[in-house]
S.K.: 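Sharing a structure with you now.
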Amino acid sequence: MAKTTGQNAEAAVEIPVDALTETQARAELDRLSEALARANQAYHAEDAPEISDAEYDALKRRNASIEARFPALKRADSPSDQVGAAPSEGFSKVTHTLRMLSLSNAFDDHDVRDFDRGIRKYLGLSETDPLVYTAEPKIDGLSLSLRYEGGALVQAATRGDGSIGENVTANARTIADIPHRIAGAPGVLEVRGEVYMSHADFEALNARQAEAGQKTFANPRNAAAGSLRQLDATITAARPLKFFAYGWGEVSAPVFDTQNGALAQLGAWGFAINPLTVRCTDPDAMLAHYARIEDQRATLGYDIDGVVYKVDDLNLQRRLGFRSTTPRWAIAHKFPAELAWTRLESIDIQVGRTGALSPVARLQPVTVGGVVVSNATLHNEDYIAGRGADGRPIRDGKDIRVGDWVQVYRAGDVIPKVADVDLSKRPADTMPYVFPTTCPECGSAAIREEGDAVRRCTGGLICPAQAVEKLKHFVSRAAFDIEGIGAKQVEMFYHDDQLAVREPADIFTLEARDRQNLTRLSNRDGWGETSAKNLFQAIDEKREIPFERLLFGLGIRHVGEVAAKDLARHYGSWEALAQALDTARPAALAERAAERAAEAERAAAAKEDRRARIAEARAAALADCAVPPAAQAAWSDLVAADGIGPVLALSLSDAMANPEERGAFDRLLAHLTPIPPETRASDSPVAGKTVVFTGTLEKMTRAEAKARAEALGAKVSGSVSARTDLLVAGPGAGSKAAKAADLGIETIDEDAWLALIDGA
DNA sequence: GTGCCTCGAGTTCC
DNA sequence: CTCGAGGCAC
C-alpha cells in the first residue's frame, strides 16, 4: 500500500478525495493512470523526466488515496501496483559522501564493559562521570542510505563496500515505510537504516514463489536482499519490504544533538523507528536491555542479530571519531551464533599466495542460520590438533578427525567454522589427521617457522598454486583491477600453454603475442574478437598505474594496501625504492644475522645444541659481511618510515634481492609507467607536519589529540627529533620541551594548537 | 615487557 | 569476518 500520510499541497487545487463522487473518482483514476504511465515512460526509458519527482509522487499519492476510499474502483492495471519500465541494465554505482561503516562486535558482557571503559578512557572521563548510551535491536536485513534534497527522495543506495554502493532508487520508492517527501528537512539529508522482511511476509512470499514454481528464499534476509536488488522495480514493488531508520549520513544543517533526539526527529518525519530503542546510563542497563530483547526475539516477527549500543551525545560521538573501518562510539552486541552438527567427510589443503597451507573441512551439507554449508575453515595445523596458537589446549584439547561429528557455526553469521567435536560419536577406525609436510600442489617441502601458526610451501613461483594466487592478487580490485580478468581468467590463462600467463609481465605482452599469432586469444571458448579487443584495451589502460597499486600488486609478504601506500609516499618512485633497497641490502642481512644470533642464543639456552650450532654458524657467516655506512643509512631510513618495521623491511628486502622475483618485477616494470603518489597539499596548516604532544593536555586526551591531528594530515610522533616540526606542550612538559628549544623547534600550548586547527 | 590497535592474509556462500 | 602478528605507545 502506498503511503497516504504527509503533505499533499500539489493536490490542493483538485477536489478533495473525501468530496469526490464515484463517477468523478473513476474518471480521475483513469486520468492518473495515464499520467503516471507517461511519466514512467519518460523517466525510465528515455531518462528525461517530464515532471518532477515531487509532482510524480503527488500523483501517485492521490491515486492511492482515491483507491483507498473507493477500493472497488481500483483498476486492474493500477499504478499503485507497478513502478514503470525496468532500466536496461545493472544498477549504477553511487559513491557515498560519507562512508557507510560497519560496527565492531561484542560477544559477551565483558566486551560491553570494555567498550564503556575504552570510551571513558578516550574521553578522559572517570568511571562515575555520567555517560548516556542508546540501545536498539540490530535488524538483520541490509543497510540502505536514502538521500533527500529539498525534502524529496532523490537517491537510494545500498551499502556496497562502504564507499561505493548501488543505486536502487526506483526500488526503494516502492517500499511503503520510505517517505518520498519529508517536510521541514534540511536541504540535504541522508537517512540510513535497514531494509528487512517480516517472518509472516517471508513465509507468504515463499508460499507464493513455490506455487508459481519460482525459487524460494533461504531466509528473510536473503529474500529482502534479493527483492531490493531486482532490476525490474515492479518485482520489488510486489515484495513486502519494510524499513527501520536508525542513523544518517550527510546532513546540510545541524539538526540533531543526540542519537535519541535524532531518532525522534526521524520518526516525526515519517520514518519507522524501532520501538525497542532505549536510553541507558550504564553498562548494567545496556546488558539488561540486551536480555529483554533476547527474550522477545522469537516473538518480534522479524530477524534481529543483536543489540547496538551508541554514545547518545553527538558531540561526544564527534570527539570519539572513527578507527579505520568502525566508529569508536558504537558497538554491536551479537547474539550467540546458531550451531549445527554434521559429519566431517574429508580435509583438503589449499595453498595461498604466500604459500600458506590452509586446511578446509568438507562437510556433509547442513543448514546453519538459514544457509546450507558444505565447507568450513579449519584455520591451521594446531587448530585441528586441538591447540591454540599459544600451545594451550582448545576444545579441551580434542583433535578433529575425518569421520567425526563436528559442530559448525557461521562466525559473524558469514564464515563457516568448525567449533567442536563429539567424541562419543567418533567411529572406532578414525586416525588423527596428519598435516602434510609437503605442498599438495607442487611437492616442495612445506615448513613452519618457529613461532608461526602456518605451514608454508617453499616452492615459491615454481609452485603453480602460489603463482596463480599471486596473479589473482595482481589483477584484484585493490591492485591493477584489470576489467575482464578475474580469478577464472587467471586460471585459464595460466594453464593454457599458448597464452602462458605465468607472471604479471605476461599480461602486458598478451596483445603483442596475439598479433604475432603466438596466442590467438579469440580462439578460446568464450572469447571472440570483440572481447579480446576489449581486454587488450583494459590492459592498456593499466600501463599507467598509481605507484602504490603497483607495489601492492607485487604481492610481497607483509606489503598490504596500507604499507604499499606508506612506501609509495616515502620513496615516490620505483627507481628510488629499488635503489634504496639495493643499497640497504648489506644492512638487512646484518639485521637478519643479528636475529639469528639471538635465536641461536635462545636455542643454546634450551639445550638444543645441534640447531643452535647451525644457527650460530650461519649468523657468524653473515656477520662477516661488512656493512657500509650508506647501507646502514638506507636501512635506517626504511625502518624509521611510518608503519614500516623490521619484519616488513626484511620481507621487502628479500623480495628485491631474490633474482627470480626481482627479474619478474623488472620485466613487469618495462611495460609500465607508475604514477607518483599525490604530494597532496591539504588545506590544513598542519598537513604533512610532524607533531609531538607533551605535558598534560587539558581539553582532550592524548589519543584524541593524535587522532584529530592525523585526520588533518599531520604525523604524530612520541619523541622530539630534528624531524619534528611542532611541539604542543601542556603544563608539566619536561625534557621534550627542553630538547625542542635546543633544536629550535616551534613550541605552542594546547590553546594555540586548538586555534591553529580550528575550522579545519 | 605488555597491551592496544591495525593491518595482512585467508576464508564461505549467494 | 576472524585470526595472527607486526608496529608502536605506555
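In what follows, every chain begins at residue 1, and chains take the letters A, B, ... in the order their sequences are listed.
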S.K.: From CZ of A:R353 over to P of B:dG8, roughly how many Å is that when rounded to an integer?
M.R.: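 Answer to the nearest Å: 10 Å.
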S.K.: Any cation-pi pair here, A:R117 with A:Y122, using under 6.0 Å and within 45°?
M.R.: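 Pair A:R117/A:Y122 does not count as cation-pi.
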S.K.: So which nucleotide from B:dT11, C:dA5, B:dG8 ends up closest to the side chain of A:T377?
M.R.: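 Within the option list, the nearest is B:dT11.
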S.K.: Return the value, rounded to whole Å, for the distance between atom CG of A:L101 and atom P of C:dC1.
M.R.: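 For the pair A:L101 CG and C:dC1 P, the rounded distance is 12 Å.
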S.K.: For the pair made of CG in A:L638 and C1' in C:dG7, what is the distance, rounded to whole Å?
M.R.: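 Roughly 14 Å, once rounded to whole Å.
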S.K.: If only side-chain N and O atoms of A:S374 are considered, is one of them under 4.0 Å from the OP1 or OP2 phosphate oxygen of B:dC13?
M.R.: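 Indeed, a polar side-chain atom of A:S374 lies that close.
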S.K.: Considering just the side-chain nitrogens and oxygens of A:S358, establish if one lies under 4.0 Å of OP1 or OP2 belonging to B:dT11.
M.R.: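 Affirmative; the distance criterion is met.
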S.K.: Which comes earlier along DNA chain B counting from the 5' end, the contact point of A:P359 or that of A:N222, where each point is its nearest nucleotide?
M.R.: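 Of the two residues, A:P359 wins.
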S.K.: Is A:E166 salt-bridged to A:R229, going by a charged N under 4.0 Å from an acidic O?
M.R.: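 Yes.
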S.K.: Without decimals, in angstroms, what is the distance between A:L363 CG and B:dT12 C1'?
M.R.: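 So the CG-C1' distance, A:L363 to B:dT12, works out to 11 Å.
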S.K.: What residues form a ring pair (Phe, Tyr, Trp, His ring centres under 6.0 Å) with A:Y409, not counting sequence neighbours?
M.R.: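 A:Y409: no ring pair (Phe, Tyr, Trp, His ring centres under 6.0 Å) contacts found.
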S.K.: Nearest whole Å is fine: how far is C:dT2 P from A:K334 NZ?
M.R.: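 Going from NZ in A:K334 over to P in C:dT2 covers 7 Å.
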S.K.: Measuring to OP1 and OP2 of B:dT11, would you say a side-chain N or O of A:Q350 lies under 4.0 angstrom away?
M.R.: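 So the side-chain polar atoms of A:Q350 do come within 4.0 Å of the phosphate oxygens OP1 or OP2 of B:dT11, strictly under.
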S.K.: From the options B:dC13, B:dT12, B:dT6, select the nucleotide whose nearest atom is closest to the side chain of A:R328.
M.R.: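 Among the listed nucleotides, the one closest to the side chain of A:R328 is B:dT6.
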S.K.: Could you tell me if A:D303 and A:H199 have a donor-acceptor pair between their side chains, going purely by distance under 3.5 Å?
M.R.: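 Yes, A:D303 and A:H199 have a side-chain donor paired with an acceptor closer than 3.5 Å.
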